[in-house]
Amino acid sequence: MPKIATWNVNSIRTRLDHVCQWLDSTGVDYLCLQETKVTDAEFPRQPFLDRGYHVYCSGQKAYNGVAILSRQPLAGVEAGFAPQLPSHSELDTQKRLIRAQLAPDVILVNVYIPNGGEYDSEKYHYKLHWLKGLHAYLQKLTAQAEVILCGDFNIAPEDKDLFDARDRATKVGATDAERNLLAAIRDLGFHDAFRHFTNEPGHYSWWDYRAGAFRRNQGWRIDHLYITPAVKARACNCRIDIAPRRLPKPSDHAPVILEIE
DNA sequence: ATGGCAAACCTAGTTTGA
């Protein structure tokens with residue numbers, strides 16, 4: 001039963017031991033990483049090669065950066081929008097997207113969607129612009145194949161996906177403009193894998209380092225796996241693993257795992 | 001309204017995160 005996971009590690013070099021321990025204990029087949037914060041030349045490949053994973057990364061110094069670890073070698077690996085959408089190549093200066101084929105008719109897309117900064121700031125509008133680019137990109141892909149779209153979306157899709165939805169009109173990650181663009185992407189034919197199995201509120205994938213947010217479970221569910229119908233039909237389970245968030249010096253995000261039969 | 005924490009960067013204070 002293949003397992004596919006997504007995890008914003010907030011620096012792969014700082015979190016190397018956590019990720020290795022987690023791979024050893026869960027044995028996931030594919031792990032999509034975000035915020036690796038390292039160039040491809042500096043990416044710590046060897047510990048993953050030693051564990052039998054192939055490493056595909058697209059990173060930059062200090063900020064952003066995505067990677068896919070896979071037990072099998074992957075075909076069709078492409079970084080950024082440009083290979084599918086040359087018109088949007090300016091979005092590729094920030095390393096936030098990598099994709100690969102899992103099968104001839106299944107494409108895995110790993111994204112690190114911009115944070116958005118303050119409401120109505122330049123960063124907020126960049127986030128909205130980036131989401132429109134992602135929509136155009138996925139429109140092409142969903143016409144060709146089944147797609148597993150995962151990563152750090154920096155968006156809580158519903159009010160039950162954050163601990164306090166008050167004032168959300170200006171709360172970046174929960175505004176209507178962001179949710180509407182995410183809904184437009186979802187309407188290309190995606191289903192929220194986590195919500196296929198769990199309806200209750202109070203399940204989060206990110207907690208602020210400050211103010212005891214994790215201890216008080218004051219978090220947001222912003223890390224997602226979106227799957228097209230044929231994948232959904234094979235999905236057995238999708239859960240957030242909060243165990244790594246309890247460790248000393250954790251990432252502020254927890255991994256999310258999808259199991260497929 | 002602010003701070004609280006963590007990481008990276010030409011090491012000290014700035015930028016980013018959501």
Side-chain angles (χ1 to χ4, degrees), chain A residues 6-19 32-44 57-67 91 93-97 110-131 134 150-182 194 201-224 240 242 244-256:
Chain A
T6 179
W7 193 2
N8 179 323
V9 290
N10 187 14
S11 169
I12 187 60
R13 287 177 292 186
T14 298
R15 228 62 65 195
L16 191 54
D17 289 346
H18 286 197
V19 176
C32 293
L33 300 168
Q34 304 88 35
E35 279 209 273
T36 53
K37 296 186 173 180
V38 67
T39 62
D40 296 347
E42 301 280 322
F43 192 100
C57 54
S58 176
Q60 65 189 87
K61 190 162 88 170
Y63 304 119
N64 308 315
V66 286
L91 292 174
T93 52
Q94 297 183 19
K95 305 306 182 190
R96 296 179 175 278
L97 189 154
N110 174 21
V111 294
Y112 174 46
I113 292 179
N115 168 306
E118 307 246 312
Y119 179 69
D120 207 28
S121 66
E122 191 176 330
K123 284 180 185 169
Y124 178 75
H125 291 286
Y126 181 78
K127 182 180 192 177
L128 300 181
H129 176 62
W130 204 95
L131 284 162
L134 182 61
C150 72
D152 176 0
F153 285 66
N154 277 316
I155 299 173
E158 298 181 84
D159 286 355
K160 66 182 177 182
D161 295 316
L162 67 161
F163 75 97
D164 181 3
R166 287 174 296 177
D167 301 323
R168 71 167 189 84
T170 58
K171 198 168 270 187
V172 174
T175 67
D176 282 336
E178 296 165 87
R179 286 183 177 175
N180 289 343
L181 286 167
L182 180 57
F194 182 80
H203 294 273
Y204 307 126
S205 64
W206 173 86
W207 301 259
D208 199 303
Y209 284 121
R210 298 166 290 188
F214 181 67
R215 180 173 45 79
R216 296 149 66 171
N217 195 31
Q218 296 187 339
W220 293 48
R221 194 177 69 89
I222 54 177
D223 299 273
H224 306 300
I240 301 165
I242 66 169
R245 187 64 177 77
R246 297 189 200 279
L247 297 173
K249 302 285 283 179
S251 169
D252 44 355
H253 295 253
V256 189

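Chain letters run A, B, ... following the sequence lines, proteins first and then strands; every chain starts at 1. Source: prediction; values computed, not measured.
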- [ ] Heavy atoms only: give me the nearest His129(A)-Leu91(A) pair and the separation to one decimal.
- [x] CD2-CD2, 3.7 Å
Task: Nearest-angstrom distance from the residue atom NZ of Lys61(A) to C1' of dT16(B) - done: 15 Å
Open item on the list: Students often get this wrong, so: under 4.0 angstrom with heavy atoms, is Arg221(A) touching a base, only sugar-phosphate, or nothing?
Closed with: nothing
Open item on the list: Starting the side chain at C-beta, find the nucleotide from dA6(B), dA18(B), dG17(B) nearest to Arg15(A).
Closed with: dA6(B)
Task: Contact under 4.0 Å: Asn154(A) side-chain N or O vs dA18(B) OP1/OP2 - done: yes
TODO: Calculate, to the nearest 0.5 Å, the distance between atoms OH and CG belonging to Tyr112(A) and Leu33(A) respectively.
DONE: 13.0 Å
Open item on the list: Just verifying a value: how many Å separate Thr36(A) OG1 and Arg13(A) CZ, rounded to the nearest 0.5 Å?
Closed with: 9.0 Å
Open item on the list: Students often mix this up, so state it plainly: with edges at 30° and 60°, are the rings of Trp206(A) and His253(A) parallel, tilted or perpendicular?
Closed with: tilted
Open item on the list: Mind checking if Asp223(A) touches a base, just sugar-phosphate, or nothing, with heavy atoms under 4.0 Å?
Closed with: nothing
Task: Phosphate OP1/OP2 of dA18(B) contacted by Asn8(A) side-chain N/O (<4.0 Å) - done: yes
Open item on the list: Can you measure Gln60(A) atom CD to dA7(B) atom P for me and round it to whole angstrom units?
Closed with: 19 Å
TODO: Say whether, by atom type as modelled, one donor and one acceptor occur between the side chain of Arg221(A) and the main chain of Leu162(A) under 3.5 angstrom.
DONE: no
Open item on the list: Can you check the distance between dA1(B) and dT14(B), where both ends of the measurement are the P atom (answer in whole Å)?
Closed with: 23 Å
Open item on the list: Can you classify the ring geometry of Tyr204(A) versus Trp207(A) as parallel (below 30°), tilted (30 to 60°) or perpendicular (above 60°)?
Closed with: perpendicular
Open item on the list: With nearest nucleotide decided by heavy atoms, which residue, Asp152(A) or Pro250(A), maps closer to the 5′ end of DNA chain B?
Closed with: Pro250(A)
TODO: Output the single nucleotide from dA8(B), dG4(B), dA18(B) whose closest atom is nearest the side chain of Thr14(A).
DONE: dA8(B)
Task: Lys37(A) NZ - dA7(B) P separation (whole Å) - done: 8 Å
Open item on the list: Can you tell me if His253(A) touches the phosphate of dA18(B), counting only side-chain N or O atoms and a distance under 4.0 Å to OP1 or OP2?
Closed with: yes
Open item on the list: Reading DNA chain B from 5' onward, which residue's closest nucleotide shows up sooner: Tyr209(A) or Arg96(A)?
Closed with: Tyr209(A)
- [ ] Considering only atom P, compute the distance from dG17(B) to dA12(B) and round it to an integer number of Å.
- [x] 25 Å
Open item on the list: Side chain of Asn115(A) only, heavy atoms from C-beta on: which candidate in dA7(B), dA18(B), dG4(B) is closest?
Closed with: dA18(B)
TODO: Take atom P in dA6(B) and the same atom in dC10(B), then report the distance between them in whole Å.
DONE: 23 Å
Task: Separation of dT15(B) P from Glu122(A) CD (nearest whole Å) - done: 14 Å
Open item on the list: Counting the atoms with a prime plus P, OP1 and OP2 as sugar-phosphate, which does Tyr112(A) contact under 4.0 Å by heavy atoms, base, sugar-phosphate, or nothing?
Closed with: sugar-phosphate
- [ ] Look at the side chain of Glu35(A) and decide which nucleotide, out of dA7(B), dA6(B), dA18(B), has an atom nearest to it.
- [x] dA18(B)
- [ ] Could you state the atom-to-atom distance from CG of Asp164(A) to C1' of dA18(B) in whole Å?
- [x] 14 Å
Open item on the list: Can you see if the side chain of Lys123(A) gets near the phosphate of dT16(B) - specifically, an N or O under 4.0 Å from OP1 or OP2?
Closed with: yes
Task: Distance in angstrom units between Asp252(A) CG and dA8(B) C1', rounded - done: 14 Å
Open item on the list: Applying a 4.0 Å non-hydrogen cut-off, can you work out what Lys249(A) is touching in the nucleic acid: base, sugar-phosphate, or nothing?
Closed with: sugar-phosphate
Task: Distance in angstrom units between Leu16(A) CG and dA7(B) C1', rounded - done: 15 Å
Open item on the list: I want to check one thing: is the phosphate of dC9(B), taken as OP1 and OP2, less than 4.0 Å away from some side-chain N or O of Arg13(A)?
Closed with: yes
Task: Rounded distance in Å - CG (Asn10(A)) to P (dG17(B)) - done: 11 Å
